[in-house]
Amino acid sequence: MAAHKEKVRAFIIDNFMFGSADGLTDETSFLDEGIIDSTGILELVDFLEQEFGIQIEDEELVPENLDSITNVHTFIENKLSA
Amino acid sequence: MTKFAPRLTARLIHQFLESSAALHPEQIAVVHQGEAVSYRELNWRSNRFAHWLIDNGIAPGDRVPFIMENGIDYVTVYYGILKAGAVAVPLSTDLKPASLRPLLEELAPSAFVATSRFERLLKATDYPWPLLVIGNPKLAWQALSVQVAALDEIVRTPSSESDTPKLDLDANRLASIIYTSGSTGKPKGVMLSHRNIVDNANAICDYLELTARDIQMAVLPFFYVMGKSLLNTHVAAGGRVVINNKFAYPAAVVQEMATAEVTGFSGVPSTYAYLLHRSPLAKYRDRLPALRYCSQAGGHMSAHIKQELLRILPSHTRLFIMYGATEAAARLTYLPPEHIRVKMESIGIAIPGVTMKVLDKQGNNLPTGQVGEIVGAGSNIMMGYWKNPEATAKALDAHGYHTGDIGYCDAEGFFYLVGRRDNQLKIKGHRINPQEVEDALAASGLVIESVVLGIPDDLQSYRLAALAVPRSECCHQQKIRHLLSEMLPTYKIPHEIKFCRNLPMNANGKIDRQKCLAIMTANPKQL
């Protein structure tokens with residue numbers, strides 16, 4: 001759902017980019033662009049679990065699931081439809 | 001020399017690479033994101049870079065700073081600078097223009113190397129740049145009359161044989177300057193000679209029993225002295241370094257530890273705190289048959305974390321607790337793993353070639369069990385601080401290097417730290433060691449890491465406070481204080497606990513207590 005993606009984007013912008021979306025695309029790597037660090041990933045995971053009522057396993061903390069808006073969106077949609 | 005690995009004798013740091021290229025030319029030296037480079041190829045690339053520097057007027061003794069994230073190019077550039085006889089100055093990748101400029105002014109570099117990611121940082125730094133080498137330069141530098149070369153073109157294409165430059169270099173000459181932030185003041189450039197680093201690397205290879213079969217996973221930046229030591233020791237042994245810069249995704253690191261069949265993993269205390277907090281390490285217990293050891297340095301790690309690691313790691317994986325300083329070219333002591341359960345809080349014994357002492361303020365040796373300053377001596381101790389004779393005179397004397405750490409030695413020769421000379425707090429008449437309170441916070445299970453500080457109050461005294469990274473958002477300071485009250489007397493319980501996303505680190509990967517104090521005392525609206 002597009003609304004889910006927008007919630008993720010808003011969380012990233014508000015919490016890690018001081019409210020400015022400058023240069024953030026759906027494909028931007030959070031790590032390569034220095035947007036999120038170790039603790040930021042944990043905050044993102046907490047947010048996703050609470051906001052979408054999902055449980056994220058430790059094994060799922062990989063860039064393929066979490067390192068861009070598109071990756072996060074695909075990941076949560078798969079979780080929600082599972 | 002070593003008991004274990006068939007190594008050729010190296011006098012100079014880059015001879016580690018040359019020896020391994022001669023002994024194991026086809027062996028993979030470094031792996032990063034699917035790219036692997038053999039010892040022969042790595043040596044050729046470094047030689048090409050060294051020749052290029054020499055051809056462009058870089059002379060022995062010239063400073064060549066470089067700002068690069070861990071990667072194959074980092075390794076090429078580091079050994080290339082050394083092969084040209086120049087001084088390798090690795091810089092923190094967290095530097096901003098305002099902190100980079102003063103370093104450039106005191107270094108007066110002849111060339112500067114950066115990966116593409118830092119091109120904008122260089123452009124934003126107002127400095128009369130010397131020769132610049134950038135991974136793959138994209139910005140317009142011509143208008144500034146700066147000579148810019150592409151690192152990719154110099155070292156990567158075409159791949160061809162290249163000999164080591166013929167230079168007569170003495171082992172006692174300056175090889176590297178590594179910046180370290182003390183508890184106060186501006187960063188100090190630790191001057192290390194080839195001998196300092198070569199002797200320390202050989203001693204570490206011996207006690208870790210490193211061989212050409214060892215594969216290290218490097219998640220720590222090479223610009224830390226510990227990261228650089230991981231690199232030099234594995235290149236010395238002819239082993240392999242697998243670089244993973246994605247520690248923010250711990251599962252990806254643990255997965256690669258298994259698939260790359262790493263034999264060694266190294267971290268600072270926060271590395272292990274995060275691995276234990278949220279990674280599948282415990283579930284990988286049976287999938288890490290090659291993992292021979294884990295090592296930890298870079299500050300005190302609480303007994304709680306050590307016990308958790310011993311419980312979770314595979315039974316064949318040994319845990320090495322190590323202690324050192326940038327000023328010691330990395331390492332001073334290590335705790336042989338067979339002693340960890342009975343001497344869990346010890347930093348161990350002196351590494352081969354190092355002598356450790358506990359001295360009183362007058363410089364007298366203190367007997368067993370008495371607390372004083374820890375002082376180390378050996379051929380690994382730095383030459384001094386770059387252009388800072390006052391700081392050098394304070395740190396070095398006839399006894400060796402004064403670490404600023406307070407500790408004692410037990411009857412069996414094992415050393416223990418009780419805190420930093422600068423960090424001891426006196427609050428309402430009680431002497432408080434912040435480390436003890438930080439350990440209790442870790443044992444509460446509610447925080448990932450913390451720092452305990454004394455905050456000046458209106459009564460010209462101090463109150464105890466803690467800055468902590470909570471395990472979850474719904475962590476309340478009352479709950480933590482309640483748990484602490486079961487472990488500590490009331491006067492050791494922080495008056496205030498403030499939460500933050502992460503603790504600020506200094507250039508050597510240690511917690512920056514001055515910045516923590518600034519966060520603790522800042523107006524909440526400014527955060």
Side-chain angles (χ1 to χ4, degrees), chain A residues 7-8 10-20 22-25 27-76 78-79 82, chain B residues 33 69 71 93-96 115-118 120-121 219-221 244-256 258-259 267-268 270-284 287 312 447-449 468-475 499-505 509 527:
Chain A
K7 277 185 183 169
V8 172
F11 177 80
I12 298 292
I13 293 170
D14 291 348
N15 286 277
F16 304 114
M17 302 180 74
F18 308 105
S20 157
D22 190 22
L24 180 70
T25 71
E27 314 305 326
T28 303
S29 160
F30 300 150
L31 200 56
D32 292 350
E33 296 301 318
I35 295 170
I36 297 192
D37 58 10
S38 300
T39 38
I41 300 295
L42 299 181
E43 284 176 51
L44 173 64
V45 167
D46 275 353
F47 165 77
L48 297 175
E49 289 186 331
Q50 285 171 25
E51 181 69 31
F52 300 104
I54 54 176
Q55 168 97 38
I56 298 175
E57 303 298 327
D58 291 344
E59 292 96 319
E60 294 174 323
L61 302 188
V62 294
E64 294 75 18
N65 291 337
L66 298 166
D67 198 43
S68 70
I69 291 173
T70 296
N71 292 9
V72 172
H73 183 231
T74 310
F75 176 57
I76 54 176
N78 287 341
K79 281 277 205 190
Chain B
Q33 289 189 322
E69 61 274 26
T93 52
D94 295 327
L95 282 175
K96 300 287 181 283
T115 40
S116 298
R117 198 176 126 195
F118 300 98
R120 286 184 187 283
L121 168 73
V219 298
L220 297 175
N244 189 313
N245 294 341
K246 297 194 188 301
F247 187 70
Y249 298 101
V253 171
V254 176
Q255 276 174 12
E256 193 172 20
T259 55
V268 295
S270 68
T271 315
Y272 290 108
Y274 282 99
L275 270 183
L276 291 175
H277 172 53
R278 193 103 209 223
S279 87
L281 185 61
K283 290 184 183 162
Y284 270 68
R287 282 184 264 177
I312 277 174
V447 304
I448 297 173
E449 53 181 345
V469 180
R471 278 195 189 274
S472 73
E473 278 183 13
C474 40
C475 186
F499 297 123
C500 64
R501 288 181 39 211
N502 50 4
L503 298 180
M505 299 273 198
L527 290 177

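In what follows, chains carry the letters A, B, and so on, assigned in the order in which the sequence lines appear, proteins first and then strands, with residues in each chain numbered from 1.
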TODO: Could you check if a side-chain atom of A:E57 sits within less than 4.5 angstrom of a side-chain atom of B:K283, using non-hydrogen atoms only?
DONE: yes
- [ ] Tell me, for B:L281 versus chain A, whether the close heavy atoms (under 4.5 Å) come from the side chain, the backbone, both or neither.
- [x] neither
Open item on the list: Please rank B:P250, B:P280, B:A282 by heavy-atom pairs under 4.5 Å with chain A and give me the top one.
Closed with: B:P280
Task: Max heavy-atom pair count under 4.5 Å with chain A, selected residue of B:K246, B:H277, B:E69, B:R278 - done: B:R278
- [ ] Under 4.5 Å, counting heavy-atom pairs only, tell me which of A:E49, A:E60, A:E64, A:Q50 racks up the most with chain B.
- [x] A:E49
Open item on the list: If the threshold is 4.0 Å, N to carboxylate O, is there a salt bridge linking B:R501 and A:D37?
Closed with: yes
Open item on the list: For B:A251 versus A:E59, what's the shortest heavy-atom pair and its separation?
Closed with: CB-O, 3.6 Å
Task: Pairs where residues 41-71 of chain A contributes a residue and the test ring-ring contact (aromatic ring centres under 6.0 Å, His included) is met, not counting sequence neighbours - done: A:H4-A:F52, A:F11-A:F47
- [ ] Return the option, out of A:L42, A:N65, A:D67, with the maximum number of heavy-atom pairs under 4.5 Å with chain B.
- [x] A:D67
Open item on the list: Given heavy-atom pairs under 4.5 angstrom as the criterion, report whether the side chain, backbone, both or neither of B:Q255 touches chain A.
Closed with: side chain
Task: Nearest heavy-atom neighbours spanning A:L66 and B:Y249 - done: O-OH, 3.4 Å
TODO: Heavy-atom distances under 4.5 Å only: say whether A:I56 touches chain B with side chain, backbone, both or neither.
DONE: both
